[in-house]
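What follows is a set of notes on a single structure, which appears directly below.
Letters go in sequence order (proteins before strands), and every chain restarts at 1. Only heavy atoms go into these numbers, but all of them, side chains included; no hydrogens, no water, no symmetry mates. Predicted model, so just to flag it, every value in this text is computed and none were measured.
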Amino acid sequence: MIDIKIIRQDPQRFKQAAEHKRMSCDIDTLCSLDDRRRTLQQELDQLKHEQNETGGQIALYRNPKSKFYQQALDQGQTAETLTAQSQILVDQMADLKEKAKGLEDEFREVNEQFEALLLTVAQPADPEVPLGKDDTENVEVRRVGDLPKSDFEMVDHVALMTRLGMLDVERGVKLAGTRNYVLRGDGVLLHQAVLRLALDLMVQRGFVPMGVPVLVRDEMMVGTGYYPGGEEQAYRCERDQMSLVGTAEVPLTAMHGEEILSEEELPKKYVACSTCFRREAGAAGKDTYGLYRIHLFDKVEQVIVCRNDEELSKHHHAEIVQNAEDVLARLELPYRVVNVCTGDLGQGQVQKFDIETWMPSRNGYGETHSASRFYEYQARRLKLRYRDGQKKIRFCHTLNNTVIASPRILIALMENHQTADGRIRVPEALRAYLGGREYLGGQ
RNA sequence: GGAGAGGUGGCAGAGUGGCUGAAUGCACCGGUUUGCUAAACCGGCAUACGCUUUCAUAGGCGUAUCGAGGGUUCGAAUCCCUCCCUCUCCGCCA
């Protein structure tokens, strides 16, 4: 969410931001609603003030405990005469209330519209973000690692894993429909090994490991920017007004919502491994094969909550990208980092770097990581604040990135590390998590 | 799921209709005193929004907020209703 005061100062900037992100937002209507809202509030405050004053005076005449009341009695007034005098004020009060009623209704309505619209204002992208309409215009930042070269016919992950008894797509679909799967045997062990490797690395780097709810109140979805707008992508439990999260970013970021942290405890660095649920609505027919686009997966996610300082945010952004790259290095996988263009940015994101890992079966790089920084966009929605050195209350900045998401990463892992004899070479760093095995399959 | 208890400021804890944005204590910040530390004493100390003074820091005024929403009343932390949450006991259960 953007501060309305900043929008008011430079509406043009936000119109353009929405345009670049290919989103629609009626800034003009928002501003006129804001004007109306403020006028109404002033009038209402004034009326309320008069009511409070009048109420206070009535209290003098009607409250036997007040000094005024006692003095009046001493001066020969009776309870009856005092009550009679107060009646004039009570009548005045009725007038005031009558006037306020209409204003209140209008205020409520205007304010509701205003708040709903404010939630849809896009955060302007960083100047470093390339202009572009969609993911085809993302800009490659760097490529790391050599692509595998083989003198044999490479097989895709589904064939490999099925043959090795690691994956059963058919039964996954029988159980839960398309985009579902059953992992088995080494598939499960490898999946867990990769997650654990990622988690351990993050803990080593000072991130606090967390176990968080994956079914959360809708306000957390709103607070992190997924709602309104993303309802179709989430499994929502209407009965309970709760949603299954598509990423642990949601609970990790929202965890300190409504709080005022102290500056010394920042930055908060969290890592959580959680199950992620995605409906993939609107993706029908896209990436239907294999483990690429599935409804349920596990992901180790990193979240940083830091001071309200753009340079600092950028610094942490680089840090969380590096963390992910280091995981891929340990898995000995070739990847590239892309600077995501404006048209492919989310509403609240200032900048996003995707990491795409080489997937031989796609003959290309496939997105495996996504690192975003939000500045105070999420924090403002979540009321996630801290007290700075001057004791001023400020909104935090938030950032997040994937550390590893599996089974998607298994596509790259299986395919890149397959051998001529149909086995899978286990990268050095992963062996400790697989009982020291150097290969999966064979024997 | 059944029965009961309860939700007040950073924390503890008063407050059952007006003088209560809220006693008191602790914590915290500033000051005085003091070889140092501690103690003692004095002062300050919620959040949000709007208006306003100012170059700005920082003020001033107003409104709202005692879990949330609605109601009764001239007036609600206080009375009534609904919901949410926490705790205790019982039942069930990974």
Side-chain angles (χ1 to χ4, degrees), chain A residues 1-9 30-73 79-80 82-101 103-115 118 211 213-220 222-223 237-243 254-266 275 376 379-396:
Chain A
M1 186 161 63
I2 309 294
D3 188 350
I4 183 62
K5 289 178 203 148
I6 295 175
I7 300 174
R8 230 185 274 148
Q9 276 167 20
L30 180 74
C31 287
S32 67
L33 280 170
D34 178 49
D35 285 342
R36 185 71 191 135
R37 179 184 69 102
R38 278 151 62 215
T39 313
L40 285 169
Q41 190 184 334
Q42 278 177 59
E43 290 172 17
L44 267 176
D45 281 0
Q46 177 59 29
L47 271 175
K48 205 69 185 103
H49 175 57
E50 286 172 36
Q51 285 181 42
N52 287 342
E53 294 267 285
T54 312
Q57 285 178 15
I58 294 171
L60 297 178
Y61 288 103
R62 295 236 177 142
N63 179 10
K65 280 179 274 181
S66 77
K67 277 191 196 128
F68 178 93
Y69 192 93
Q70 289 303 327
Q71 279 172 9
L73 285 186
E80 285 72 30
L82 285 168
T83 305
Q85 286 173 50
S86 74
Q87 190 55 44
I88 299 163
L89 294 166
V90 172
D91 292 344
Q92 273 177 27
M93 190 72 119
D95 284 350
L96 290 170
K97 278 170 76 171
E98 191 58 36
K99 268 197 236 165
K101 200 169 182 333
L103 285 178
E104 258 166 28
D105 291 344
E106 191 186 351
F107 177 78
R108 194 183 314 221
E109 194 178 311
V110 168
N111 203 41
E112 242 168 58
Q113 288 175 24
F114 168 77
E115 279 174 355
L118 186 59
V214 292
L215 180 61
V216 301
R217 298 175 190 280
D218 285 340
E219 55 190 280
M220 310 309 155
V222 174
C237 307
E238 285 85 0
R239 269 197 300 192
D240 303 296
Q241 286 100 52
M242 307 256 270
S243 297
M255 183 150 47
H256 294 291
E258 312 264 306
E259 294 181 24
I260 300 175
L261 304 170
S262 67
E263 187 165 359
E264 299 82 68
E265 57 188 315
L266 297 177
T275 302
E376 58 175 48
R380 193 175 274 280
R381 289 174 164 236
L382 289 164
K383 298 191 178 59
L384 165 49
R385 297 158 295 172
Y386 71 101
R387 213 178 288 276
D388 72 8
Q390 277 76 300
K391 304 247 177 105
K392 230 182 118 190
I393 290 168
R394 316 195 58 187
F395 288 103
C396 299

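- For A:Asp388, there are no salt bridge (Lys or Arg N to Asp or Glu O under 4.0 Å) partners two or more places apart in sequence or in a different chain.
- For the OP1/OP2 pair of B:rC51 and a distance below 4.0 Å, the side-chain nitrogens and oxygens of A:Arg38 include at least one atom meeting the criterion.
- Rounding to the nearest 0.5 Å gives a distance of 12.5 Å between CZ of A:Arg108 and CG of A:Leu103.
- B:rG6 and B:rG67 have their C1' atoms separated by 11 Å, given to the nearest Å.
- The base-pairing partner of B:rG17, taking Watson-Crick or G-U wobble contacts with both distances under 3.5 Å, does not exist among the strands shown.
- In terms of phosphate contacts, A:Lys392 brings no side-chain nitrogen or oxygen within less than 4.0 Å of OP1 or OP2 of B:rA58.
- Ranked by how close their nearest RNA chain B nucleotide is to the 5' end, A:Arg37 and A:Ile260 are led by A:Ile260.
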Exercise for the section: For nucleotides 76-84 of chain B, just jot down a letter per nucleotide in 5' to 3' order: B, S or -, based on protein non-hydrogen atoms under 4.0 Å. Expected result: ---------
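- The base-pairing partner of B:rA94, taking Watson-Crick or G-U wobble contacts with both distances under 3.5 Å, does not exist among the strands shown.
- To the nearest whole angstrom, the two C1' atoms, one in B:rG18 and one in B:rU78, are 11 Å apart.
- When both distances must be under 3.5 Å, the Watson-Crick or G-U wobble mate of B:rC36 does not exist.
- Nucleotides B:rA12 and B:rC51 place their C1' atoms 37 Å apart, quoted to the nearest Å.
- Base pairing analysis places B:rU78 opposite nothing; no Watson-Crick or G-U wobble pair with both distances below 3.5 Å involves it.
- Look at the P atom in both B:rG62 and B:rC74: the space between them is 26 Å, to the nearest Å.
- Here B:rC11 sits opposite B:rG25 as a Watson-Crick or G-U wobble pair (both hydrogen-bonding atom distances under 3.5 Å).
- Nucleotide B:rA3 is matched to B:rU88 when pairs are restricted to Watson-Crick or G-U wobble geometry with both distances under 3.5 angstrom.
- Between A:Lys48 and A:Asp45 there is no salt bridge, since none of the side-chain N atoms of the basic residue sits less than 4.0 Å from a carboxylate O of the acidic one.
- Across the strands present, B:rG30 finds its partner in B:rC42; the criterion is a Watson-Crick or G-U wobble pair with both atom distances under 3.5 angstrom.
- A salt bridge links A:Arg38 to A:Asp34: one of the charged nitrogens lies within less than 4.0 Å of a carboxylate oxygen.
- Within the structure, every side-chain polar atom (N or O) of A:Asn52 is placed at least 4.0 Å from both OP1 and OP2 of B:rG75.
- Closest heavy-atom contact between A:Tyr386 and A:Leu266: CG-CD1, 3.5 Å.
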Got a list of side-chain donor-acceptor pairs under 3.5 Å for residues 50-60 of chain A, not counting sequence neighbours?
| unit_1 | atom_1 | unit_2 | atom_2 | d |
| --- | --- | --- | --- | --- |
| A:Glu50 | OE2 | A:Gln46 | NE2 | 3.2 |
| A:Thr54 | OG1 | A:Glu50 | O | 2.7 |

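- Of all the residues in residues 43-51 of chain A, A:Asp45, A:Lys48, A:His49 reach under 4.0 Å from RNA chain B with at least one non-hydrogen atom.
- With sequence neighbours left out, A:Val222 forms a side-chain contact (heavy atoms from CB on, under 4.5 Å) with A:Leu119, A:Tyr227, A:Arg381.
- If you check B:rG62 for Watson-Crick or wobble pairing at under 3.5 angstrom, you find it paired to B:rC49.
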Exercise for the section: Give the B/S/- string for nucleotides 67-73 of chain B, one per nucleotide from 5' to 3', where a protein heavy atom under 4.0 Å of the base yields B, of only the sugar-phosphate yields S, and otherwise -. Expected result: ---S---
